[in-house]
Undergrad: 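Pasting a structure here, questions to come.
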Protein chains: 2
Amino acid sequence: MAPDRNRRRIPDATVSRLPVYLRILGEQSAEGVESISSERLAELGGVNAAKVRKDLSYLGSYGTRGVGYEVDYLVYQIRRELGLTHDWPVVIVGAGNLGQALAGYGGFGERGFPVAGIVDVDESKVGTVLGGVRVRHIDELPQIVQTKRVNIGVVATPGSAAQEAADLLVKAGVTSILNFAPIVLSVPRAIEVRKVDLAVELQILSYHEQRRAGGSIHAVPGGTSRSATA
Amino acid sequence: MAPDRNRRRIPDATVSRLPVYLRILGEQSAEGVESISSERLAELGGVNAAKVRKDLSYLGSYGTRGVGYEVDYLVYQIRRELGLTHDWPVVIVGAGNLGQALAGYGGFGERGFPVAGIVDVDESKVGTVLGGVRVRHIDELPQIVQTKRVNIGVVATPGSAAQEAADLLVKAGVTSILNFAPIVLSVPRAIEVRKVDLAVELQILSYHEQRRAGGSIHAVPGGTSRSATA
DNA sequence: AGGCACTCGTGCACACGTTCACAAAGCCAG
DNA sequence: CTGGCTTTGTGAACGTGTGCACGAGTGCCT
Ligand SMILES: NC(=O)c1ccc[n+]([C@@H]2O[C@H](COP(=O)([O-])OP(=O)(O)OC[C@H]3O[C@@H](n4cnc5c(N)ncnc54)[C@H](O)[C@@H]3O)[C@@H](O)[C@H]2O)c1
Ligand SMILES: NC(=O)c1ccc[n+]([C@@H]2O[C@H](COP(=O)([O-])OP(=O)(O)OC[C@H]3O[C@@H](n4cnc5c(N)ncnc54)[C@H](O)[C@@H]3O)[C@@H](O)[C@H]2O)c1
């Protein structure tokens with residue numbers, strides 16, 4: 001059945017850049033800019049102009065040759081393609097350091113991802129209020145997911161509890177997971193998982209630092225020439 | 001420091017997976033496992049076995065055919081390649097929700113990235129103690145960077161202040177930046193920047209959710225008749 | 001010693017992503 | 001209407017990443 005997920009597939013690399021374009025276009029729109037060229041958008045987004053055009057071409061031919069792209073219309077098209085025409089409530093599992101920071105961060109709701117709930121096993125945390133949301137016991141997870149129609153879950157538990165948290169999220173009906181714990185989650189194939197691992201990021205930076213130091217161990221500050229982006 | 005330090009470059013994709021292997025190997029080592037095959041490591045890391053072997057081959061030929069890899073030795077080699085043979089102190093700019101969560105997170109120090117300092121412009125935050133580190137005024141940033149030999153800076157300010165924070169980090173002598181603010185930083189070419197943008201991650205998940213619903217939800221009433229003539 | 005089972009290391013083909021380069025398309029001035 | 005200028009959209013070349021398939025070592029068992 002429906003062997004063809006018929007819609008033209010947008011390359012992963014492009015999907016990961018569309019949110020960046022979207023944010024920039026939103027800012028430009030707020031500043032009253034009505035039209036923008038791929039060149040300018042590329043500059044603001046720190047990418048190549050041809051890449052911008054190719055990325056946008058996957059949405060359709062929404063530019064005007066010789067002129068550029070109409071900002072508001074492009075915002076609309078990207079939002080539509082990303083499924084941002086309506087809110088996606090999220091549920092957070094784990095109300096520790098990170099869960100609290102996430103709950104207390106207004107940027108989520110603003111961008112269409114309101115926190116529908118936050119749950120924890122720790123009784124001492126249940127009942128406290130974070131960012132306007134009351135922490136509830138993890139047993140209430142299924143109920144939250146169902147009544148609030150939550151599709152996206154966030155795992156913010158220690159690594160040792162992350163797989164269990166993911167299992168509970170899946171059982172409750174969540175179909176996408178954003179995982180902050182430093183482990184590889186095992187989930188059914190149909191579940192989309194994205195991982196954010198700070199330790200990995202730092203270790204990648206470490207690799208480059210180590211490599212930079214290659215010849216002589218001590219890095220010399222200063223002396224760097226500013227990149228002249230206009 | 002032989003000229004041979006001119007080690008062949010390791011592909012980015014591999015560098016980003018080495019930390020994952022490292023964590024798994026550490027766990028295995030702690031459990032008393034002495035030897036591991038590429039197949040098993042691939043399973044634990046959620047990747048393809050051939051990929052594991054190819055990745056590890058960039059470090060040199062440290063496996064034993066017919067047997068596998070010696071866990072502790074591999075840990076040593078990966079740590080060496082990633083530059084994890086010594087600590088890399090980091091400095092955090094911005095002691096808000098996120099900065100506090102980061103400072104209060106022990107996992108950093110454990111993995112070789114101790115928090116050398118955390119700074120903020122907000123006088124009311126200066127002096128408070130987070131995760132054992134006292135928040136200092138941003139004017140003290142250069143001093144922290146120099147006395148603690150910090151190479152890595154973390155930007156955890158609002159987007160509007162992130163470029164300024166990055167500029168100050170660079171001026172203070174930092175050469176790698178981990179950016180949590182949702183903007184594209186402009187820095188000298190020599191500076192390595194990595195970005196962690198939660199909004200982007202959520203929007204990517206949104207894309208897949210929207211796509212999943214594709215068949216049953218009619219998002220576009222009548223508009224844009226783009227037939228699938230390819 | 002020889003054979004066998006196992007697993008690494010890697011050549012190769014293919015998929016995916018990036019960038020260049022240019023014709024086509026649109027706008028505007030005169 | 002024409003010519004000149006700008007910018008898009010995309011074919012094609014190139015680079016990077018992935019995964020199969022298999023030769024080459026290694027250890028064990030008989
Ligand atoms: N805090 C950070 O800055 C940071 C940075 C990088 C990664 N992380 C990762 O994020 C995760 C959370 O970090 P943290 O600092 O918030 O940890 P934390 O220990 O402060 O909080 C974890 C919370 O999860 C709860 N919990 C434990 N088991 C649970 C379960 N089975 N179900 C539901 N809740 C459960 C605990 O009660 C606790 O409140 C960890 O995996 C950590 O590695 C955190
Ligand atoms: N908190 C989260 O869960 C979360 C999630 C995703 C992204 N982010 C991003 O992380 C960044 C920080 O988020 P937050 O929730 O911690 O914000 P926040 O407002 O709680 O904290 C920001 C801190 O930065 C300080 N600051 C402002 N300007 C500064 C400057 N020029 N120099 C030094 N410090 C300065 C402020 O005084 C404040 O303490 C934001 O860019 C946000 O978009 C946060």
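Throughout, protein chains are lettered first and strands after them, A, B, ... in sequence-line order, and every chain is numbered starting at 1.
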Undergrad: Report all side-chain donor-acceptor pairs from residues 44-54 of chain B shorter than 3.5 Å, counting only partners two or more places apart or in another chain.
TA:
unit_1: B/Asn48; atom_1: OD1; unit_2: B/Ala50; atom_2: N; d: 2.6
unit_1: B/Asn48; atom_1: OD1; unit_2: B/Lys51; atom_2: N; d: 3.3
unit_1: B/Arg53; atom_1: NH1; unit_2: B/Ser38; atom_2: OG; d: 3.0

Undergrad: On DNA chain D, reading 5' to 3', which nucleotide is the first and which the last to sit with an atom under 4.0 Å from a heavy atom of chain B, could you check?
TA: D/dG17 to D/dG27

Undergrad: Kindly say whether A/Gly83 contributes a backbone atom to a donor-acceptor pair with the side chain of A/Trp88 at under 3.5 angstrom?
TA: yes

Undergrad: Taking ring-ring contact (aromatic ring centres under 6.0 Å, His included) as the test, write out the residues that go with B/Phe108, two or more places apart.
TA: B/Tyr105

Undergrad: List the residues meeting salt bridge (charged side-chain N to carboxylate O under 4.0 Å, His left out) with B/Arg40, not counting sequence neighbours, and say none if there are none.
TA: B/Glu43

Undergrad: Kindly state whether the ring of B/Tyr62 and the ring of B/Tyr69 have centres lying under 6.0 angstrom apart.
TA: no

Undergrad: Only counting residues at least two apart or in another chain, list the ones meeting salt bridge (charged side-chain N to carboxylate O under 4.0 Å, His left out) with A/Glu27.
TA: A/Arg23

Undergrad: Which residues satisfy the ring-ring contact (aromatic ring centres under 6.0 Å, His included) test with B/Tyr76, sequence neighbours excluded?
TA: none

Undergrad: Can you sort out which residues in residues 194-203 of chain A have a heavy atom within less than 4.0 Å of DNA chain D? Ascending by number, please.
TA: none

Undergrad: Starting at atom NZ of B/Lys51, determine the distance to atom C1' of C/dC8, rounded to an integer number of angstrom.
TA: 18 Å

Undergrad: When you check every protein heavy atom under 4.0 Å of nucleotides 20-30 of chain C, what one-letter string (B, S, -) results, 5' to 3'?
TA: BB--BBSS---

Undergrad: Not counting sequence neighbours, list each pair that qualifies as a side chain to side chain donor-acceptor pair (under 3.5 Å) and has a residue in residues 153-178 of chain A.
TA: A/Gln163-A/Asp167, A/Thr175-B/Glu209, A/Ser176-B/Glu209

Undergrad: Just how far, in rounded Å, is P of C/dT10 from CG of B/Asp55?
TA: 13 Å

Undergrad: Would you say the side chain of A/Val115 lies within less than 4.5 Å of the side chain of A/Pro89, judging by non-hydrogen atoms?
TA: no

Undergrad: List for me each residue that meets salt bridge (charged side-chain N to carboxylate O under 4.0 Å, His left out) alongside A/Arg79, sequence neighbours excluded, and say none if there are none.
TA: none

Undergrad: What side-chain donor-acceptor pairs closer than 3.5 Å can you find for residues 198-205 of chain A, not counting sequence neighbours?
TA:
unit_1: A/Glu201; atom_1: OE1; unit_2: B/Arg194; atom_2: NE; d: 2.4
unit_1: A/Glu201; atom_1: OE1; unit_2: B/Arg194; atom_2: NH2; d: 3.2

Undergrad: Quick one: CD1 on B/Ile10 to OH on B/Tyr58, what's the gap to the nearest 0.5 Å?
TA: 9.0 Å

Undergrad: Which residues within residues 13-35 of chain B lie with some heavy atom under 4.0 Å of an atom in DNA chain D?
TA: B/Ala13, B/Arg17

Undergrad: Is a side-chain N or O of A/Lys148 found less than 3.5 angstrom from the main chain of A/Ala116, in a donor-acceptor match?
TA: yes

Undergrad: When you measure from the side-chain N and O atoms of B/Ser37 to the phosphate of C/dT7, is any distance below 4.0 Å, counting only OP1 and OP2?
TA: no

